[in-house]
Visitor: 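Quick one: the structure is below, and I'll ask about it shortly.
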2 protein chains.
Amino acid sequence: MTTATSTRELAHPTRDEIRLEGVLHALSDPMRLLIVREMAVAEADLACSYFTLPVTKSTTTHHFRVLRESGVIRQAYRGTAKLNGLRREDLDALFPGLIERVLEAAALEADRLGTDD
Amino acid sequence: MTTATSTRELAHPTRDEIRLEGVLHALSDPMRLLIVREMAVAEADLACSYFTLPVTKSTTTHHFRVLRESGVIRQAYRGTAKLNGLRREDLDALFPGLIERVLEAAALEADRLGTDD
DNA sequence: CCCATTGTACGACGCTCTTCGTAATTACAG
DNA sequence: CTGTAATTACGAAGAGCGTCGTACAATGGG
C-alpha cells in the first residue's frame, strides 16, 4: 500500500451493520468506557488528544478504532486532528435507551466505588 | 483437593462486588446472551439441561460460570440438577433498567436479523 | 522547505477467552 | 449396591485482546 489515499476517510459500519454483541464488548473495557463517558458529557466532538488515558498513544488509537468499528463512535479528520463523537442517533435507533442506561450505570458505579476519574 | 466439600454451595459475588464491565463482558458473548434471553423469558429458574446450545456441555458449564461469577445469574443445586435464574433485583439496583434494555435490544436485533432462536 | 503536532502501522509480548475431550463427582432409581 | 443422568474439574489447543515501542504519514505554521 503506497498510501495513495488522499481522501482521509475512515471506514465506519453502517447502521445495519452494528451488532449488539460488538457494542457490549466495546463498552466492557474500562478504557473505552471511560472514553465513551467523557464523550457523552462533552456533547461535542473531541480530538483524541483531549483524552488523558493511562496508556500510550498506540493503545489509545487501538481503543478508538475498536469503538469506531463496533459502531459506537464516529471519527472524522479535521486538519491534523481527528474528531470523535458518539453515534447516539444510530445507537438509539437500534438499541433504544441502551447507551443512556450504560452511561447512567457507569456513573452510578463510579460514584459507588469512588473511582471516578 | 480431596473434595471434602459437602456443602454443595456455589460462590456468588455479593451485590457490591458486581462490576459493570464484568456484566457487559458477560453479555457480549452470543451464547451467554442467548442463555440470558431464554432465562428472562422463562421467569423461573431453569436447569442447565434445559438450554440447547450449539456447544458441548463443558462449554455450556463454562458460560454459566462466567455468568454467575460476573453476577448476572444465580445458581443453586436441586438434586442432581442445577437451577439458574437471573439476578434481576441486584442488577436493577446497581444498574437501573440496564438488563431490560439489553434484553430489548437483543430481541430487536434478533428480529432485525432474522436470527432468533 | 523544515519542523512540530497529531495520529497510524506494524510487530511483539503476555494474558485471557472460547472451545473441546476425558475423567470425576453428586443425586436418585432400581 | 449398581447404574444412570446431570454437571464439574482439569488440561489443552487455538484464537483474540490489551498493551507497548518504534517507525511512519499527514497537516499546518514559521
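In what follows, chains carry the letters A, B, and so on, assigned in the order in which the sequence lines appear, proteins first and then strands, with residues in each chain numbered from 1. The figures that follow rest on heavy atoms only: side chains count, while hydrogens, waters and symmetry mates do not. No experiment lies behind these values; they were computed from the predicted model shown.
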Visitor: In whole Å, I'd like the distance from the CG atom of A:Leu10 to the C1' atom of C:dT6.
Guide: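 So the two atoms are 14 Å apart, to the nearest Å.
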Visitor: In this structure, how many angstroms lie between the P atom of D:dT7 and the CG atom of B:Asp45, rounded?
Guide: 13 Å
Visitor: Could you tell me how far apart B:Leu83 (CG) and D:dA6 (P) are, to the nearest whole angstrom?
Guide: 13 Å
Visitor: Without decimals, in angstroms, what is the distance between B:Arg78 CZ and C:dA27 C1'?
Guide: 12 Å
Visitor: Among residues at least two apart in sequence or on other chains, which ones pass ring-ring contact (aromatic ring centres under 6.0 Å, His included) with A:Tyr50?
Guide: none
Visitor: Counting only side-chain N and O atoms of A:Arg65, is one of them less than 4.0 Å from OP1 or OP2 of C:dG7?
Guide: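 False: A:Arg65 side-chain N/O out of range (4.0 Å or more) of C:dG7 OP1/OP2.
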Visitor: When you check every protein heavy atom under 4.0 Å of nucleotides 17-23 of chain D, what one-letter string (B, S, -) results, 5' to 3'?
Guide: SSBBBB-
Visitor: Using side chain to side chain contact (heavy atoms under 4.5 Å, CB included) as the criterion, list what pairs up with A:Thr56, not counting sequence neighbours.
Guide: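 With sequence neighbours excluded, A:Thr56 shows a side chain to side chain contact (heavy atoms under 4.5 Å, CB included) to A:Ser58, A:Thr59, given in chain and number order.
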Visitor: Describe the nucleic acid contact of B:Phe64 in one word from base, sugar-phosphate, nothing, applying a heavy-atom distance below 4.0 Å.
Guide: nothing
Visitor: Which whole-number value in Å describes the distance from A:Leu67 CG to C:dG7 P?
Guide: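 Value for this atom pair: 15 Å.
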Visitor: Taking side chain to side chain donor-acceptor pair (under 3.5 Å) as the cut-off, I'd like each qualifying pair that reaches into residues 21-36 of chain A, sequence neighbours left out, listed once.
Guide: A:Arg32-A:His63
Visitor: Just one of A:Ile35, A:Leu34, A:Thr60 clears the side-chain contact (heavy atoms from CB on, under 4.5 Å) bar with A:Phe51, so which one?
Guide: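 The single option meeting the side-chain contact (heavy atoms from CB on, under 4.5 Å) with A:Phe51 is A:Ile35.
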Visitor: Under the rule for side chain to side chain contact (heavy atoms under 4.5 Å, CB included), what residues qualify as partners of A:Ala40, not counting sequence neighbours?
Guide: A:Leu86, A:Arg88, A:Leu103
Visitor: So, OP1 or OP2 of C:dG7: does either fall under 4.0 Å of a side-chain N or O from A:Ser49?
Guide: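 Checking C:dG7 against A:Ser49, a side-chain N or O does come within under 4.0 Å of OP1 or OP2.
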Visitor: Show every salt bridge (charged side-chain N to carboxylate O under 4.0 Å, His left out) that has at least one partner inside residues 47-70 of chain B, sequence neighbours left out.
Guide: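 Sorted result for residues 47-70 of chain B: empty, none.
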Visitor: Quickly work out the A:Glu21 CD to C:dT18 P distance and round it to whole Å.
Guide: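 Between P of C:dT18 and CD of A:Glu21: 13 Å.
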Visitor: Separation of B:Glu69 atom CD from C:dT16 atom C1', in whole Å?
Guide: 14 Å
